[in-house]
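Structure, as structure tokens:
Order of appearance sets the numbers: ligands from 1, and atoms from 1 within every ligand.
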Amino acid sequence: MDAVVIQAKFKELFGVEGAVYASPGRINLIGEHTDYNGGFVLPGAIDKAMYCAIKPNGTNKVRGYAPDENPEKVSLKSEFGLAEADKPKERWAQYIFGVCREMEKEGKKVPQGFDIIISGDVPLGAGMSSSAALESCVGFALNDIFGLGFDRFQLARIGQSTEHNYVGVKCGIMDQFASCFGKAGSLIRLDCRSLEYEYFPFDPKGYKLVLINTCVAHMLGGEYNERRESCERVVAAIAAKHPEVKLLRDANLDWLKEVSNKVSAVDYIRSEFVIEEIQRLLDTCELLKKGDYEAAGRKMYETHTGLSLKYTVSCPELDFLNETAKKCGVAGSRVMGGGFGGCTINLVKNELYDEFVQRATADYQQQFKITPKIYDVVIGDGARKIEQR
Ligand code: GLA
């Protein structure tokens with residue numbers, strides 16, 4: 001559903017026109033599971049977004065519709081108040097509710113109820129951050145229609161806290177940041193400790209970025225949070241001797257070695273991956289500046305190996321697509337986002353593109369009896385208003 005269709009749907013349901021907003025999903029070229037460790041990430045917003053049409057309704061209730069949801073499984077409609085006790089039971093509505101609650105905690109109350117429709121074309125469960133896109137879209141829209149005065153940093157934080165407190169995933173800031181700050185044609189090199197960022201123009205001449213969606217999602221709620229806890233335990237162990245270490249970003253491999261017999265083998269190897277990945281991102285940025293995409297691509301393969309063997313967030317489907325990319329001579333390939341399913345991101349020379357996509361589709365289909373989905377990446381703009389009413 002695009003902006004025009006969502007506007008028409010809003011009129012059909014509520015009899016008036018609403019304002020329409022969009023906020024995109026994201027890719028991340030390299031730097032995975034580094035954000036909540038204070039490291040660097042290199043995301044970009046994409047041309048797929050979550051949309052909302054919205055209008056204040058003068059009551060103390062939110063009336064929401066999610067017409068894209070499968071009507072067999074979930075309710076399309078949700079009505080709820082804005083107090084903590086009013087949490088709706090529909091999962092999609094909890095994102096809207098959570099954003100309102102987090103805004104109030106930040107000292108700016110959503111002053112009245114509103115009517116809202118949400119929709120979008122960010123594939124769900126594909127590692128392209130549909131939930132961050134939704135949080136950012138709702139946050140941006142509420143901020144605008146009620147003149148709440150939050151800036152984009154605060155809106156990204158509000159989205160992240162919604163995820164922590166109303167969805168239960170203790171995510172980092174990358175996804176919401178990319179959704180709020182995206183810029184067409186540029187990746188964002190974000191320092192997740194200081195939140196300093198730099199737009200990194202990305203136009204790899206002679207190469208394409210393509211996502212291949214395994215169309216599986218194996219993530220169990222706690223897997224992500226467990227990895228975060230591993231990192232925190234290791235930080236605590238290192239900080240006993242080096243109190244300046246507050247996050248794995250502040251540590252190095254030598255200090256990690258010092259605690260090898262104080263932390264579990266699993267926590268150790270996960271932290272080793274994170275420390276290596278932070279450095280790998282910095283090295284990759286240098287390679288990209290030189291236009292050495294083959295060497296940058298090799299870093300992406302290293303990330304995949306680390307995510308698969310050390311951080312253990314890959315799965316057979318993702319490993320298979322990664323191997324296929326290697327066999328086809330693709331410059332770089334790796335699991336993207338949180339892992340446990342979703343997409344691989346691939347940096348492919350133009351002349352290899354057709355053969356790679358055909359072979360990956362056919363081989364994956366044969367192996368897993370699932371047809372993977374292919375998305376060419378277009379780096380687009382961040383959260384924005386589409387139509388004024
Ligand atoms: C998910 C989280 C992000 C980040 C990635 C892994 O997308 O929402 O904060 O941690 O996983 O890099």
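Taking every heavy atom of M174 and a limit of under 4.0 angstrom, the matching atoms of ligand 1 come to 4 (C), 5 (C), 12 (O). The Y224 neighbourhood of ligand 1 comprises atoms 1 (C), 2 (C), 3 (C), 4 (C), 9 (O), 10 (O), 11 (O), with distances under 4.0 Å to a heavy atom of that residue. With ligand atoms numbered from 1 in the order given, ligand 1 contributes 9 (O) to contacts under 4.0 Å with heavy atoms of G172. Taking a cut-off of under 4.0 Å to the non-hydrogen atoms of G337, the atoms of ligand 1 that pass are 6 (C), 11 (O). Every atom of ligand 1 with a heavy atom of C171 under 4.0 Å away is listed here by number and element: 2 (C), 8 (O), 9 (O). Every atom of ligand 1 with a heavy atom of R26 under 4.0 Å away is listed here by number and element: 7 (O). Less than 4.0 angstrom separates some heavy atom of D35 from each of these atoms of ligand 1: 3 (C), 4 (C), 9 (O), 10 (O). Below 4.0 Å from some heavy atom of Y36 lie the following atoms of ligand 1, by number and element: 10 (O).
In terms of polar-atom proximity, N28 is not counted as a contact of ligand 1, lacking any N or O under 3.5 Å from an N or O of the ligand. Here's the thing with D175: one of its N/O atoms is less than 3.5 angstrom from an N/O atom of ligand 1. Of the polar atoms of S129, none of the N or O atoms is found under 3.5 Å from an N or O of ligand 1, judged by distance alone.
Between F97 and F80, the angle of the ring planes goes over 60°, which puts this pair in the perpendicular group of the 30/60° scheme. Ring geometry, Y311 versus F273: the interplanar angle falls from 30° to 60°, so the pair is classed tilted. In this structure, Y207 and Y293 have tilted ring planes: the angle between them lies in the 30° to 60° band.
Using a 4.0 Å cut-off between a side-chain N of Lys or Arg and a carboxylate O of Asp or Glu, K55 and D115 do not qualify as a salt bridge.
Few gaps surround CD on E79; more than 12 heavy atoms of other groups in view lie less than 6.0 Å from it. In this structure, K87 places its NZ atom where more than 12 heavy-atom neighbours from other residues, nucleotides or ligands lie under 6.0 Å away.
If you take CZ on R228 and SG on C171, they are separated by 7.5 Å, rounding to the nearest 0.5 Å. From E163, atom CD reaches atom OG of S129 across 8.5 Å, with rounding to the nearest 0.5 Å.
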